[in-house]
2 protein chains.
Amino acid sequence: MTATISTEDVIVDAARRVFMQKGFAAARMCDIAQTAGINQALLHYYFRSKDKLFSIVFEKESINFRSDVLQILNSDLPFFQKLRLMIRKDLEKFRSAPFLPMFVLNEMHNNPERMMHIASTSQHDLIFKKFSTLVEQEYKAGNIRKVCPAQLLLSIMGITMFPYLAEPMIKMSMGLNGEAFEKLMEEREEHAISFIEQALLVDQSVAV
Amino acid sequence: MTATISTEDVIVDAARRVFMQKGFAAARMCDIAQTAGINQALLHYYFRSKDKLFSIVFEKESINFRSDVLQILNSDLPFFQKLRLMIRKDLEKFRSAPFLPMFVLNEMHNNPERMMHIASTSQHDLIFKKFSTLVEQEYKAGNIRKVCPAQLLLSIMGITMFPYLAEPMIKMSMGLNGEAFEKLMEEREEHAISFIEQALLVDQSVAV
DNA sequence: GTCTATATTCAGATAGAC
DNA sequence: GTCTATCTGAATATAGAC
């Protein structure tokens, strides 16, 4: 039983690609049909409307976007290990899906209503709560400098996500082609981890 | 001679607001007309097409977006002062125009051709070059840790811009209303500066 | 299920009166 | 310069044959 791919899946995959690249408003149903190698009427046969099709894609991707960070935070690894792991996991994900951050953030920006629906299934609030607790603990244990957990989380996310959000601008201003940019992103993990650790460490000691 | 605002300016301002919030594809000419308090035909009388109107708005905003960082970098302030000033200036700008980062980055993502046009007038490449030189110098002088200038610049930009790029998600996951978010952004400057400085400082000394 | 052909809707653009 | 009314084209959606 060779798992032949159903037409439905072909469509969703094509839709994913087109929506990710263009966003909802600029995406065209005929592009999606063409990408899927079928015609436009079939899109409507499977998914009643552009809105419905988009919802399916967006929901999937926003689940993919909400990282597996929560498990890492809930594990019993030491704090700096957790930090490293969450940075590594996120960077890996974005490397394999560079459009994901821009897609999700942009659609949230454009369409707050849709976001509300996502809110229920997302775990971002749990991640923030758990992260805050851990940071407070580490501070009290004297392992890291005093820092506002919310600010720290924003900085970490900015450091990992920003390069993908700004990819075209970065390539332009740094004079990079696709290959050079990818190389920079390969090297990013090391930079990000040591940068953040350094910013957090208390002056004298070096926790490992 | 009271400087009565010309219809043209009213339109451009309305267009700016609508385009910034919705992006090119989702923005509607009738929304812009309504926002401007005139009718749609007049838009076309002043600016031939949606494309033309958008170009004008985008060009203005992308110039605004390219910070006055270059002057700061070219000044004769000490390195860490430059760093602080450039962070402060950028955060100030984004606080007064929170949609700016998403608008510019998103349109660059969607429409690389338009970006090419901007490339010529933008100074981002100069900023990167100058910044790199300064970082190298500081490292050689023993004032900062060894760090790849490109990576560092990405981290700084991520730290300052990301909160505005992800504003809706952040509000949601941290449970903030508009006011609380603004407060967080007020406090961001202090966090950002000390975070980045700490990450850069060599272990023993503290340069000022 | 898949297609071609067609209807509908909507947004950008124009004509022409004032 | 500004308006109302209208055209045109494009994009979504449907009808109906196979």
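Within every chain, numbering begins at 1; the chains are lettered A, B, ... in the order of the sequence lines, protein sequences first and strands thereafter.
Atom-to-atom, CG of B:Asp51 to P of D:dA10 comes out at 14 Å; the value is rounded to the nearest Å. Atom-to-atom, CZ of B:Arg28 to C1' of C:dC10 comes out at 8 Å; the value is rounded to the nearest Å. Separating the CG atom of A:Leu43 from the P atom of D:dA15 is a distance of 17 Å, rounded to the nearest angstrom. As rounded to whole Å, 11 Å separates atom P of C:dA11 from atom NZ of A:Lys50. A:Phe24 has its CZ atom 11 Å from the C1' atom of D:dA11, to the nearest Å. Residue B:Ile32 contributes atom CD1, which lies 10 Å from atom P of C:dA13 at whole-angstrom precision. As rounded to whole Å, 13 Å separates atom P of D:dA13 from atom CZ of A:Phe47. Taking atom NZ on B:Lys22 and atom C1' on C:dG12, their separation rounds to 16 Å, with Å as the unit.
Using a 4.0 Å cut-off between charged side-chain N and carboxylate O, B:Glu197 and B:Arg84 make a salt bridge. Note on A:Asp125 versus A:Lys129: no salt bridge recorded, every NZ/NE/NH1/NH2 to OD/OE distance being 4.0 Å or above. Between B:Lys140 and B:Glu136 there is no salt bridge, since no side-chain N of the basic residue sits under 4.0 Å from a carboxylate O of the acidic one.
For the pair A:Lys146 and A:Tyr139, the cation sits on the ring face: its NZ or CZ lies under 6.0 Å from the ring centre, inside 45° of the axis.
Between A:His44 and the phosphate of D:dA13, there is a side-chain N or O to OP1/OP2 separation shorter than 4.0 Å.
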Pairwise N/O distances under 3.5 Å, protein to nucleotides 1-4 of chain D:
unit_1: D:dT2; atom_1: OP1; unit_2: B:Thr7; atom_2: OG1; d: 3.0
unit_1: D:dT2; atom_1: OP2; unit_2: B:Thr7; atom_2: OG1; d: 3.4
unit_1: D:dT2; atom_1: OP2; unit_2: B:Tyr46; atom_2: OH; d: 2.5
unit_1: D:dC3; atom_1: OP2; unit_2: B:Asn39; atom_2: ND2; d: 3.0
unit_1: D:dC3; atom_1: O5'; unit_2: B:Asn39; atom_2: ND2; d: 2.9

Which atom pairs, donor and acceptor, lie under 3.5 Å between side-chain atoms of residues 164-171 of chain B and protein residues at least two apart or in another chain?
unit_1: B:Glu167; atom_1: OE2; unit_2: B:Lys171; atom_2: NZ; d: 2.7

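Evaluation of the side-chain hydrogen bond (donor to acceptor under 3.5 Å, both in side chains) rule for A:Ser96 yields no partner, not counting sequence neighbours.
At a threshold of 4.0 angstrom between heavy atoms, the contacts of B:Ala27 are confined to the sugar-phosphate backbone, with no base atom among them.
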